[in-house]
Novice: 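Here you go, one structure.
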Amino acid sequence: MKKYFLYGVMFVGLVLWTAGCNGSGVQNSGGELKIVPRPVSVKTLNTFFALKENTVIRLQSEDDAVYDAAEYLQNMLQEKTGQQLEILPAGGRPDSRIVLRQVNGDEEIGNEGYRLKVAEDELVIIGNSAAGIFYGVQTLRQMLTKTDENSWGAPGAEIVDAPRFSWRGMHLDVGRSFFSVSFIKKYIDLIAMHKMNTFHWHLTEDHGWRIEIKKYPLLTEVGAYRDESLIGHYRDQPRTYDGKRYGGFYTQEEVKEVVEYARKRFVNVVPEIEMPGHSRAALAAYPELSCTGGPHSVAKLWGVHEEIFCAGNDKTFTVLEDVMTEVLALFPSEFIHVGGDEAPKKRWEACEKCQRRIKDNGLKDEHELQSYFIKHFDKFLDERGRRLIGWDEILEGGLAAGATVMSWRGTEGGITAANAGHDVVMTPTTHVYFDYYQSEDQENEPLAIGGFLPLDKVYSFDPVPENIAEDKKHHILGAQGNVWTEYITTPEAVEYMALPRMTALSEVVWTTEEGRDFDNFRKRLDNFLLLLKDNGYTYRQP
Ligand code: ACM
Ligand code: ZN
């Protein structure tokens, strides 16, 4: 295929880079590089850095994590250009070099930001941290331009960039649908490509317990499998099932592999172990932890289920503490998600043990009993140097002292929590539930849970609502897109539902308020979509 490259041709102050047909190049016009999420500042220069045979990656850091970023860059360049650059430690001055330089105290770029300078014979990425350098590498990835059949490079530029929020997350429900380790890695790659840093792994559900716990093998032997799955939509009548046993789980070795894979991409994996609700799979395995004693089955119908962990039974706490102990050994994450959402209180109301617990502890009602439950694990995690995060129902009956709130039923819970001095991650259904339809033309979309959440609505989301007091706004750590998988059963479907809404979200959580503009985003998005396509991702063409 014929490639065109106009180098240094000026059209009344407009430099036009036209790249190849493989979709990998930056088509840069009007002085702005098409980078997503939009950087804080970009100055284009009338120069070009060409990858040469002798180009090397030169490290200016002793940090092992910067070496990880260098290896990522090396692999990325090899995949894209076929050329494997050597990684050299500091020292010497090779003729053509990509320099990864770690500095100290560059306040403008903060902990996760970077500077990228593309000059004639040197391309320098500077960060205070390895993560910042890694995000510079991600920007470079979007700037790579094919100049002819065998040559690659990047247009001259000076970029200064840093994220607006520290929690830039994507969630995935592997309880309703199970996804392989290889897809989980591909999903983590996607998170990293978007300069996002958090993978919220929803590991336990009514419909399947997905993480091996050595002390309680039945959690996966029994809890990881359901007899069959619903066909069609929940609201279809009569309901029919497919008659096929369904399930799977991650061994602890696989979990370690995923956590390590994520670490090398500067993605923190936050595990979620649901309590007290969404626990039917666990109760199918250990029915003595329920109020009725069972028997129970792993759920096959979507929705909220009445069987929840008995809060009056001491063994519930012992088992969940043991589970958490194994979870903490696998996940270095400071934050550990304990769910807390959608826990009907019907069983507790009728349970002698639960009622005794309420009485003995001077609790007012079942909401305070839920609060008692969550507070127990807040303390447990705090004593082990971790922090509890839960869905906004954990506000009901009183919020645990150290708890961080994930606000999903709108932003109200988040506002209340932030104003009370708690940290918050915003994930409202209205703006970041990527299981909702992307188009009003539902007939031509894959079956979804409902709703309507178009790209521009995601883009318009502001994680910091007006009615948070000025001195409490810093409690908003960021936002996260959620992907619930009742109706999303394949990797391609996950990608289709997440993309490009997640791309819009990446700008919500990264770009400054002043830098956000949907029309401008749309102009840059096509380039990013080509990058996704090149990397084998499925997306909805906006
Ligand atoms: C949720 O969507 N139930 C957190
Ligand atoms: Zn009970």
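When a ligand or atom number is given, it counts from 1 through the structure's own listing order.
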Novice: May I ask you to say whether E260 pairs ionically with R263, meaning some side-chain N is under 4.0 Å from a carboxylate O?
Specialist: yes
Novice: Check each atom of ligand 1 against the heavy atoms of W484 and keep those under 4.0 Å away; list them by number with element.
Specialist: 1 (C), 2 (O), 4 (C)
Novice: With ring-ring contact (aromatic ring centres under 6.0 Å, His included) as the criterion, how do W510 and Y135 come out once you've worked through the C-alpha distance, each side chain's angles and the decisive distance to 0.1 Å?
Specialist: CA-CA 11 Å; W510 181 280; Y135 297 131; 5.3 Å; yes
Novice: Leaving waters out, which protein N, O or S atoms fall under 2.8 Å from the Zn ion (ligand 2)?
Specialist: C291 SG, C310 SG, C351 SG, C354 SG
Novice: Do R516 and Y459 meet the cation-pi criteria used here (NZ or CZ under 6.0 Å from the six-membered ring centre, within 45° of the axis)?
Specialist: yes
Novice: Test of understanding: with ring pair (Phe, Tyr, Trp, His ring centres under 6.0 Å), list the residues that count as partners of H422, not counting sequence neighbours.
Specialist: none
Novice: Could you see which bit of E342 sits under 4.0 Å from ligand 1, with heavy atoms only: side chain, backbone, both or neither?
Specialist: side chain
Novice: So does R347 pair up with E306, basic N to acidic O under 4.0 Å?
Specialist: yes
Novice: Go through ligand 1 atom by atom and flag the ones less than 4.0 Å from a non-hydrogen atom of W408.
Specialist: 1 (C), 2 (O), 3 (N), 4 (C)
Novice: Looking at atom 3 (N) of ligand 1, what's its closest protein heavy atom, distance included?
Specialist: D341 OD2, 2.7 Å
Novice: Parallel, tilted or perpendicular: which fits the ring planes of H202 and W484, with parallel below 30° and perpendicular above 60°?
Specialist: perpendicular
Novice: Y216 and Y286: ring-ring contact (aromatic ring centres under 6.0 Å, His included), yes or no, with the steps?
Specialist: CA-CA 9 Å; Y216 302 101; Y286 296 98; 5.6 Å; yes
Novice: For residues 335-343, which side-chain donor-acceptor pairs fall under 3.5 Å, sequence neighbours excluded?
Specialist:
unit_1: H337; atom_1: ND1; unit_2: G339; atom_2: N; d: 3.0
unit_1: D341; atom_1: OD2; unit_2: H278; atom_2: NE2; d: 3.4
unit_1: E342; atom_1: OE1; unit_2: H278; atom_2: NE2; d: 2.8

Novice: Would one find an N or O of H278, backbone or side chain, under 3.5 Å from an N or O of ligand 1?
Specialist: no
Novice: Identify all side-chain donor-acceptor contacts of residues 405-413 below 3.5 Å with residues at least two apart in sequence or on another chain.
Specialist:
unit_1: S407; atom_1: OG; unit_2: G410; atom_2: O; d: 2.9
unit_1: S407; atom_1: OG; unit_2: G414; atom_2: N; d: 2.9
unit_1: W408; atom_1: NE1; unit_2: E393; atom_2: OE1; d: 2.9
unit_1: R409; atom_1: NE; unit_2: D392; atom_2: OD1; d: 2.5
unit_1: R409; atom_1: NH1; unit_2: E396; atom_2: OE2; d: 3.3
unit_1: R409; atom_1: NH2; unit_2: D392; atom_2: OD1; d: 2.7
unit_1: R409; atom_1: NH2; unit_2: E396; atom_2: OE2; d: 3.2

Novice: So, regarding Y433 and ligand 1 (criterion: nitrogen or oxygen to nitrogen or oxygen, under 3.5 Å), is there a contact or not?
Specialist: yes
